[in-house]
Amino acid sequence: GGGLLLRSFVNVLDVELGFQPEGAVAWRVDTNRSFQTRTERAAFYDDMLGRVEAIPGVESAAAAGILPMSGWWRDMTFAVEGDDKRRSSSTLSVTPGYFSTMHIPVLSGRDFTQADRPGSEPVAVVDRAFVRKFFPGEEVLGKRIRIDSDEWQTIVGVVGEIRNRALESEAEPQVYLAFAQTPSRALWLAVRTQVPLSPFSESLRSTIWSIDPDLPVAPTEMATLMSSQLSRERFYMKILSGFAVLALVLTLVGIYGILAYSVEKRTSEIGIRMALGAQRKDAVALVLRQGAVLVGIGIVLGLSLIHI
């Protein structure tokens, strides 16, 4: 059982995330400001991102309604132009530069740009899992989808798939929308920087509070978000490791009991062997061989179960 759990835990750690959490810092932005229009909301966050990117040591910064592995996600239904069938996909709005900040590769087409704003053609970017599930073998660039609204979004790019919800689950189909065209009420900011978290946090707070002094700023390393996703697996591993140790102790006690009983039953045989010239070490080797056979059978069976 302990071996099976260890193998499962290692497999989870080896899962391809589709993005790079190391070197990235993120935090959830909760503002009490009321925005009259989408344009006003987008302008506020554009100003915030511009100031954050100007902080020394920041390589790139972007915003998204939800970050992968943050414990949040949003599923919405959509229709494809020319087909009234409703389908479901995870959906979120992101700013230009989000894919490069998160190290999510653009496989075909393009990323969002500053030109993707209200009044311009509504656009969307989908991931490879979306294409594989809904358009296998088809060219999706240029297709139009409608997500719970009257606006049609044109697919302009395809990006790599990511693990959005949990490490042990398959990558879900994902639709990305231009934040300026469909801004989220809630927002996560992601910053890629090599500056240690503590000094960077101070610079970040002073920058954000120059915009809104009431805005909470509590940045967290994205690697920490990943670690929290493994907390359940770590807990189970500790519990089963304890049982594994207990099982090992009971096994050793059992082997000792079997050997002791065997030696007691073979006392006369061992005495005869020694009377005929066998050495003490020969008698000890006889007992140890018997114990080694039992241990070997247990190891073979255990390893066989692990690889089933």
>> When you compare the side chain of L177 with that of V94, does any pair of heavy atoms fall below 4.5 Å?
In response: no
What one should report as the nearest heavy-atom pair of L141 and S108 is CD1-OG, 4.1 Å
Ring pair (Phe, Tyr, Trp, His ring centres under 6.0 Å) filter on F179, not counting sequence neighbours, yields Y45
dist W27:CH2 -> I208:CD1 (nearest 0.5 Å) comes out at 5.0 Å
task: Fit a plane to each ring of F78 and F134, take the angle between them on a 0 to 90° scale, and name the class: parallel (under 30°), tilted (30 to 60°) or perpendicular (over 60°).
output: perpendicular
TODO: Spell out, as yes or no, whether a donor-acceptor pair under 3.5 Å connects the side chain of S90 to the backbone of E172.
DONE: no
Worksheet item: Does S120 use its side chain to pair, donor to acceptor, with the backbone of A115 at less than 3.5 Å?
Response: yes
Scanning both residues in full, the closest heavy-atom pair of M48 with I211 reads CA-CD1, 3.6 Å
**OP:** For R192 and H103, run side-chain contact (heavy atoms from CB on, under 4.5 Å): C-alpha distance rounded to whole Å, both residues' side-chain angles, the deciding distance at 0.1 Å, then the answer.
**Re:** CA-CA 10 Å; R192 188 156 295 279; H103 287 187; 3.5 Å; yes
Rounded to the nearest 0.5 angstrom, the OG-CG distance for S93 and L187 is 9.5 Å
Within the structure provided, determine whether R87 and V80 are in side-chain contact (heavy-atom separation under 4.5 Å).
yes
- prompt: Do R86 and T77 get their side chains close enough for a donor-acceptor pair, meaning under 3.5 Å?
  reply: yes
In this structure, CZ of R28 is separated from CG of L189 (nearest 0.5 Å) by 12.0 Å
One should read off an interatomic distance between D47 CG and S210 OG, to the nearest 0.5 angstrom, of 8.0 Å
#### Entry: S60 side chain to V58 backbone, donor-acceptor under 3.5 Å
no
Are any of the side-chain heavy atoms of V175 and S89 separated by less than 4.5 Å? yes
Minimal heavy-atom distance between P56 and V195, with the atoms involved, is O-CG2, 4.1 Å
d(E121 CD, E151 CD) to nearest 0.5 Å is 11.0 Å
**OP:** Identify whether the distance between the nearest side-chain nitrogen and carboxylate oxygen of D46 and R117 falls below 4.0 Å.
**Re:** yes
Legend entry - Main-chain N/O of A24 paired with E221 side-chain donor or acceptor, under 3.5 Å: no
When every non-hydrogen atom of K133 is compared with those of P173, the smallest separation belongs to CD-CG, 3.6 Å
Polar side-chain atom of E161 near backbone of R128 as donor-acceptor pair, under 3.5 Å: no
Query raised in the report: Does some side-chain heavy atom of V25 sit less than 4.5 Å from a side-chain heavy atom of T220?
Result: no
task: Go through the steps for Y176 and T91 under the test side-chain contact (heavy atoms from CB on, under 4.5 Å), then give the verdict.
output: CA-CA 6 Å; Y176 300 92; T91 308; over 6 Å; no
- Message: Taking G160's backbone N and O only, do any of them form a donor-acceptor pair with D127's side chain (distance below 3.5 Å, no angle check)?
- Response: no
**OP:** Verify whether one side chain among E59 and T193 offers a donor that lies under 3.5 Å from an acceptor in the other.
**Re:** no
Any side-chain heavy atom of T95 within less than 4.5 Å of one from F112?
no
> Any side-chain heavy atom of V125 within less than 4.5 Å of one from D111?
Replying inline: no
For S203 and S206 the tightest heavy-atom approach is O-OG, 2.8 Å
### Task
Please examine the side chains of E81 and I145, heavy atoms only from C-beta on, and report whether any two atoms are closer than 4.5 Å.
no
* **Salt-bridge criterion met for K143 and D83 (N-O under 4.0 Å)** => no
Between the CD1 atom in I66 and the CG atom in L92, the distance rounded to the nearest 0.5 Å is 6.0 Å
Determine whether Q20 and T101 satisfy the following criterion, side-chain contact (heavy atoms from CB on, under 4.5 Å), listing intermediate values before the conclusion. CA-CA 9 Å; Q20 182 63 46; T101 297; over 6 Å; no
Using side-chain heavy atoms (C-beta onward) and a distance below 4.5 Å, is V126 in contact with Q174? no
